[in-house]
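Note sheet for the following structure.
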Amino acid sequence: MRQYLGVTLVILLAVALIAAGCTKKNSETSPETAKASPQNESAANAGEGKVFNKFEPPVTVTTNRILSENLITQYANVKEITMENNPYTKWARETMGIVFKDEWISPDDTTNSQKLNLAMAGKTLPDIIYGSGKDIGTLAKGGQLAPLNEVIEKYASPLSKYFIDQFQTETGGAFFAPFTYDGQIYAFPIMADIWANTWESNWIREDIVKSLGKELPRTLGEFEELLAGFKAQNPEGVGHTLYMSSKGITGMDTAMQPFEANPGKWVEDKDGKLVYGSVQPQVKEGLATLAKWYANGWIDPEFIVKDEAKSYEAYAAGNALNYFGMWWLVWNPFPDVLKNIADSKVTAIPPFLMPDGKEPIVTLKGAYSIGNSATAINANFKHPEVLIQHLNLYLDSVLRSDTALREKMKKEYDYDFYYDFEEIQLPLNPEAETGSYYQYNYKNEGPDYFNQTFGLPNIGLYHGTAYQLLDQYKRLDEAEKNGKLGEVTIIDQKEFAKYQEISPKRWDSLATSVRVFDELQQAGRLSSDKYVGSPTQTLVDKGAYLSKLEQEAFTKIIMGEKSVDDFDQFVKEWNTAGGADLTAEVNEWYAGLSHE
Amino acid sequence: MHSARIRWNLRRNWLPYLLLIPPFAMIFIFLYYPMYGIVIAFQDYSPIHGFTGSPYVGLKWFRYLLDMPDFTTILTNTLVISLLKIVFGQLAPLLFALLLNEVRHMAFKRIVQTFVYLPHFLSWVIIGGIFIDLLSTKGIINQFLGLFGIEPVFFLGSNAWFQTTLVSMDVWKEFGFGAILYLAALSGIDPHLYEAAKMDGANRLQQVFHITIPQISPIIILLCTLSIGNILNAGFEQVLVLYNPAVYQTGDIIDTFVYRTGLQQAQFSLATAVGLFKSLVSCFLIVLSYRLAYRFANYRIF
């Protein structure tokens with residue numbers, strides 16, 4: 001009897017082990033079929049040169065997507081909407097004859113990268129692949145992706161081409177650059193608001209400035225007076241906020257912009273060649289300024305161990321005077337300080353004047369770079385034009401109510417929209433959040449919100465025009481100034497309402513930021529990081545070491561352990577350690593880029 | 001002769017052998033079979049081409065590691081931090097176990113033991129976050145030092161203090177758990193030996209030196225030998241959470257360097273090559289220390 005007990009246990013153990021191994025594997029692949037290519041070949045021609053196309057019989061296209069947990073929970077209670085069955089998938093099946101199937105769904109970028117690596121090894125790549133710039137690079141070099149140049153040329157509608165051109169212009173021809181290898185485009189980045197991803201400025205506590213009896217600073221000198229005054233007022237406070245991020249010391253721009261110094265970015269010198277900002281002489285002055293601020297206690301002495309989240313603490317508690325960061329800080333941490341401190345006012349101010357009194361040129365980060373994610377097409381996929389045809393139809397649906405655009409396209413390109421004009425209906429459910437299921441109620445259903453909600457923006461490729469968000473904010477700013485808030489569209493109203501939550505002063509802060517940007521743009525004093533391509537060989541080999549040299553040198557100079565003259569030593573070392581080679585390679589890449 | 005004996009053994013004791021099959025299978029499948037993947041240390045590996053398709057590049061990655069300008073600094077840091085952790089990481093639990101062993105009050109003993117080995121189960125991300133606050137210039141430790149009139153020290157930002165801080169934190173985290181083994185060994189010492197020593201007139205301290213330590217010296221040597229195998233693992237997670245550019249000089253270890261390099265592109269080959277390099281060195285050192293232990297302490301593990 002005892003012996004049989006032992007045997008049973010052994011068998012149970014073995015079975016448990018095998019079961020554990022199996023279940024894990026099954027949850028990786030989709031519960032549906034794991035076949036990659038379309039299962040039904042379309043009998044008819046797959047649409048040579050056709051801009052709109054419907055596959056008969058329907059074609060299955062596999063893809064992967066990134067879907068965060070809260071998106072899934074948002075719709076968990078709405079029974080008629082599931083990931084596989086919602087207005088978007090219905091539209092895709094009926095209008096384009098496409099059924100989208102997931103190879104896998106990941107909650108974030110890192111997991112997606114890992115799954116992509118597994119798929120590469122297991123040869124189970126989806127038809128339409130969404131991945132980070134690094135992943136696309138690996139795939140492209142391994143010959144797994146289809147080049148898109150011809151596909152875009154042949155199948156893009158005038159409307160799609162119009163937007164692609166717009167983004168090319170706005171990025172100086174670098175829209176596809178991060179994903180171009182040997183002149184072939186291998187992935188399509190998401191067209192989304194450029195301003196939203198790149199605009200950073202100084203954010204100063206205007207109420208503190210007023211309490212010191214001063215005006216908003218326009219020069220470094222005035223700012224330093226404020227820092228001194230703030231320190232006297234609040235000895236434990238942080239004058240200017242610096243912190244550490246994956247890119248190194250962040251927040252230095254406040255002291256760098258007045259000298260037109262751009263550490264960490266690649267800028268054009270007077271000969272039109274690209275040089276690395278961190279090794280230019282102007283940075284020395286910026287570092288000297290920061291070292292002075294650190295010595296005076298105007299910078300947190302422990303900034304070196306503070307990450308972004310920790311850096312918010314001082315500002316949110318009201319103990320910091322200035323923070324250099326993105327416009328969306330209005331979402332976090334500013335609401336805390338605006339709500340908790342009665343008279344607080346957070347204002348964006350333009351970069352300080354140069355020593356000679358001139359306005360500096362501001363260099364923002366590149367809108368599209370290797371850091372972005374993009375959509376690529378599997379080299380084995382028989383219908384690469386699906387991506388572009390989908391884009392054509394998608395744009396048509398989303399923009400059908402834009403009369404000005406419709407007229408322009410008709411007049412200049414002789415292009416008729418697929419969808420008839422329709423007014424954007426009032427939301428069926430006014431209580432619903434903006435962008436929810438009930439926002440649009442077209443007679444002829446078409447995608448917009450669902451495509452984005454359920455993580456398929458990678459196929460939609462379009463999130464908005466290059467300045468969609470900025471234009472909306474500018475409209476709202478005008479309307480608010482002129483008291484015409486009641487006349488804006490429902491969508492604009494809802495966006496405005498979002499900024500009234502927690503504290504209505506958030507809108508004021510945002511407005512200041514928009515105005516500063518507008519001014520800079522009108523005056524033509526905006527530029528951007530010019531190097532957005534994939535890492536060159538030297539960057540791959542020596543990048544970590546060069547970055548370490550830079551961070552060590554800057555840290556020691558700011559914290560006062562080394563004198564500012566050490567900067568020249570650093571530049572020499574940087575060049576000999578591979579920086580000079582890197583510069584040559586970057587310029588080679590830059591020369592090969594088509595400048596429009 | 002032998003085969004008959006084996007068959008007899010199997011027939012009578014087949015159940016334990018059967019029970020061993022699943023673990024052996026698991027070890028083989030997950031630990032030995034994947035060793036084949038070491039080949040990627042000698043290739044320019046890409047997931048697309050796989051093990052067989054990636055180009056062979058010989059010792060390229062090993063040369064890359066050794067050619068790095070700051071390789072000597074990195075290696076020194078790794079060795080220094082590791083050695084300090086091994087030495088103090090063995091001393092502290094030993095001392096603690098000896099002291100705790102003298103305590104008569106059982107409940108107290110158990111409570112202390114539980115509290116002291118709890119930090120072992122926390123991850124470095126949590127402990128790092130806590131200590132960044134504790135060790136800040138306005139934190140508790142500096143305030144305490146201030147009571148004695150000592151200027152606040154930026155522990156995590158100065159090269160002079162960083163290694164000490166790292167080692168101290170690690171010892172604090174692990175000594176409780178490490179002491180468990182020692183305490184078990186201590187409780188296994190024959191009490192008659194103590195009685196005999198007391199009769200001979202030995203005081204407490206002499207008892208410790210002449211009875212306790214010699215009795216548990218096999219365990220001490222064993223643990224030291226095994227730790228030496230870890231010498232090139234200076235505690236990646238801890239360093240990553242706590243280090244910053246101000247302390248790269250003394251805090252950058254092999255693993256953090258490889259981690260940063262891998263952020264540019266997925267450097268599978270480099271990471272594998274470094275791992276292989278570390279394993280080879282560890283293996284050599286373990287064999288060496290095992291031989292030395294046998295030569296000088298006449299002690300064999302196997």
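So you know, we letter chains A, B, ... as the sequences are listed, proteins then strands, and number each from 1. Note: hydrogens, waters and symmetry copies are ignored here, and every other heavy atom, side chains too, is used.
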Side chains of [X] and [Y], heavy atoms from C-beta outward: is any pair under 4.5 Å?
X      : Y      : answer
A:E552 : B:D70  : no
B:T261 : A:Y545 : no
B:I48  : A:K141 : no
A:T138 : B:S46  : yes
B:P69  : A:E573 : no
A:K556 : B:Y248 : no
A:E302 : B:N244 : no

Side chain, backbone, both or neither: which part of [X] has a heavy atom under 4.5 Å from chain B?
X      : value
A:D135 : neither
A:Q551 : both
A:K548 : both
A:K306 : neither
A:E550 : neither

(message) Show the nearest heavy-atom pair for residues B:G129 and A:K310, with the distance to one decimal.
(response)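 Heavy atoms only, the tightest pair is O-NZ, 4.2 Å.
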(request) Locate the shortest heavy-atom distance separating B:H49 from A:G142; write the atom from each residue and the value. (result)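 Minimum heavy-atom contact is NE2-CA, 4.3 Å.
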(request) Name the region of B:Y64, side chain, backbone, both or neither, that has any atom closer than 4.5 Å to a heavy atom of chain A. (result)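 Only the side chain of B:Y64 comes within 4.5 Å of chain A.
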(message) Which atoms of B:D67 are under 4.5 Å from chain A, going by heavy atoms: the side chain, the backbone, both sets, or neither?
(response)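 Contact with chain A involves no heavy atom of B:D67 at all.
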(request) For chain B, find which of A:T555, A:I249, A:I370 contributes the most heavy-atom pairs closer than 4.5 angstrom. (result)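 The residue among A:T555, A:I249, A:I370 with the greatest pair count is A:T555.
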